[in-house]
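To keep things clear, I will list the structure first and then write my remarks on it.
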There are 2 protein chains.
Amino acid sequence: MAARAKLSDVARLAGVSTATVSRVLNDNDRVAPELVERVLKAKAELGYRYNSLARGLRTRANAVVGVVIPDVTNPFFTDLVRGIEDLVRENGYLLVLCNTDETAAKEEAYLELLVDQQVAGLVIAPVRSTIEAASFDLAGIPVVAVDRTMNGVDTVTLDNVRGAIAVTSRLLESARRVATITGPLVTTTGSERLVGYRRALSDVGIDFEPELFVEADYSESGGYAAAHRLLALEERPEAIFCGNHAMALGAMRAISEVLDDPSEIALASFEPLPWAADPGGRVVTLAVPSYELGQRAAQMLLERIRGFEGPARSIVVQTELLRTPR
Amino acid sequence: MAARAKLSDVARLAGVSTATVSRVLNDNDRVAPELVERVLKAKAELGYRYNSLARGLRTRANAVVGVVIPDVTNPFFTDLVRGIEDLVRENGYLLVLCNTDETAAKEEAYLELLVDQQVAGLVIAPVRSTIEAASFDLAGIPVVAVDRTMNGVDTVTLDNVRGAIAVTSRLLESARRVATITGPLVTTTGSERLVGYRRALSDVGIDFEPELFVEADYSESGGYAAAHRLLALEERPEAIFCGNHAMALGAMRAISEVLDDPSEIALASFEPLPWAADPGGRVVTLAVPSYELGQRAAQMLLERIRGFEGPARSIVVQTELLRTPR
DNA sequence: TTGAAAGCGCTAACAC
DNA sequence: GTGTTAGCGCTTTCAA
């Protein structure tokens, strides 16, 4: 019930100035050991906790990092967020979660609120890859782009092209007519995975057929609809490569609706499916280290927050072919 | 690059005092319409955005709510978080995400950081149901408990007993030897679901058999191990009721390892399984409105933040039997 | 209805 | 090495 103790209370009890208390609580340098002890004792006695807002107002930086992603509900981002959180927490930062639902307006609104909060840094999977980093740099807030690239800032991404090549090539071992359902091509993940798909085709001398390519939106229902479109083709594909986990589930559902024996069509997903979704391990997928991606991004962000000034860096994380059909 | 405009800049440009600007930006009352217009114009011209920290320091409340849960990676909590976020965002609040991993130490550390941040309110699924609300009330921060109860604060929970009765009863229609795998009994969800299970048994005149009950930890591996234990019994259960989604998947995995025909053992889960995990819809589950739970909790929290002072309220949300075996 | 001025709790010059 | 003091940007009495 008692009002919270403040710095000056600690100072009074310890018989020193507020500046000394502040020094002890931050530097711990250049203060006589005896005073340090007295301050620490007073602090403990009063159960003192600093006021982040006051400190932030003064230092123009709050011990909070913002995470701006399309949707935590997507398992890829769920794990990514945990990767970020675990690392920033260890470093004393809180994490503000912002879901954009692939909406530029929400993204923008969130970015403003984060700037209002003077967040120490930002990890973002931007709605549009073309997003200008400049608007954040204005506020001087360090930014790391994750999963999707952004101009002028540190980035941590997957090797989408290589991954897509690996998956598609595997499908091509047992099928010739391989279709693909991609995410939005305005995202780097969408367009790069398409590039990989095409390259895998051309590597084995197969022409790209536009009718075997559908652009969807990374959602289950999007994948479902897209798969139905492919299944309605006069000449059905023998295999389908889906750009992410949700669309693969949607495609699975569509396939099981249309075919008596779903295994007639080989399926692949860039992201792994939950074990239970594919108990037989028939779906070709990549191991996508989302948690690690988050950790890497957080790591780079912390470095920037601590003052690292070098040019924008970019880390590309490899994926690995996970399961083999049959 | 230009420094961010502050209140005094707006005041100068509009030719009024900072007090007037502040009034316009908050009340909008008792200010001459003409001045209001001038202030708004100046604000727009400068692209003024207030500084949350300065405001928070002054008003002792930051437009941020904390969400403290075991693990976002659990789909139940993922949806819950989205439910909270969507509502608080509409009301101008940011959401700080805190995963405790069922660890009291992490929970406590997070709570301190949240108090340091002067968060406006808190939604928490406490590690221990016995947690004292008093420590938060000290700081005068409104708290809403969700999924798990807590003394003295608003709570939003599921009707665990009714739900467990419904699920167990359904299993009892076609089986007599029904086992259960519960979560930790120190959580209300764990113990209440066990109560429901026992009540369903006694309703049909079956005695509770201790060997058919295993307490696990809500994890996939926990459910897996527990199921193996049940399957190793001399007299195997004919059905298993799992306290949550993850343990049900674990049990499924165990069952498919031990039995040639997994459908010999009926399975139920308190929480729904992803469509793909159970395409045949054989598993008995409840529809658990986690998103709605989050919205309700956020709703109550916002009311408290706005000054509602009544006694602690408690909302119990009903679940609904979702799928029927066969 | 409006403005002047006093802080919210902290840090960082600057003096000693 | 330590204390004094001036703000960080905002809200809110208190006068006018």
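Below, read A as the first sequence line, B as the second, and so on, with proteins coming before strands; counting in each chain starts at 1.
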Determine whether the side chains of B/D217 and B/S219 contain a donor N or O and an acceptor N or O closer than 3.5 Å.
yes
Just so I know, are the side chains of B/L158 and B/P289 near enough to count as touching, which here means a heavy-atom distance under 4.5 Å?
yes
Using atom CG of A/D116 as one end and atom C1' of D/dC10 as the other, report the distance to the nearest whole Å.
13 Å
So which nucleotide from C/dG3, D/dT2, C/dC8 ends up closest to the side chain of B/A19?
C/dG3
Is it the case that D/dG3 (base atoms only) and A/R23 (side chain only) share a donor and an acceptor within less than 3.5 Å, ignoring hydrogens and angles?
yes
Phosphate OP1/OP2 of C/dC10 contacted by A/Y48 side-chain N/O (<4.0 Å):
yes
Which is more 5' along DNA chain C, the nucleotide nearest B/P33 or the one nearest A/T59? Just name the residue.
B/P33
Working to the nearest 0.5 Å, report the span between CD of A/E90 and CG of A/D86.
7.0 Å
C/dG9 C1' sits how many Å from A/L25 CG, rounded?
13 Å
Does A/N51 make a side-chain N or O approach to OP1 or OP2 of C/dC8 shorter than 4.0 Å?
no
Evaluate the side-chain proximity of A/R23 to A/R30: yes if any heavy-atom separation is below 4.5 Å, no if none is.
no
Give a yes/no on whether any side-chain N or O of A/T20 is located under 4.0 angstrom from OP1 or OP2 of D/dG3.
yes
Would you kindly give the CZ-to-P distance between A/R4 and C/dG9, to the nearest whole Å?
10 Å
Separation of atom CZ in B/R49 from atom P in D/dG9, rounded to whole Å:
16 Å
Over how many whole Å does the gap from A/L7 atom CG to C/dG9 atom P extend?
11 Å
On DNA chain C, more 5' by nearest nucleotide between B/R30 and A/R58 is B/R30
Measure from CD on A/E37 to P on D/dT2 and round the result to the nearest Å.
13 Å
Of the listed nucleotides C/dC10, D/dG3, D/dT11, the one nearest the side chain of A/R55:
C/dC10
Just call it for B/L53: base, sugar-phosphate, or nothing, with non-hydrogen atoms closer than 4.0 Å on any strand.
nothing
Could you state the atom-to-atom distance from CD of A/Q118 to C1' of D/dC8 in whole Å?
9 Å
Just the rounded figure in Å: distance from P of D/dT11 to CZ of B/R60.
15 Å
Tell me which nucleotide among C/dT11, C/dC10, C/dG3 gets nearest to the side chain of A/N26.
C/dT11
Would the distance check show the side chain of B/R4 and the main-chain N or O of B/G47 forming a donor-acceptor pair, the cut-off being under 3.5 Å?
no
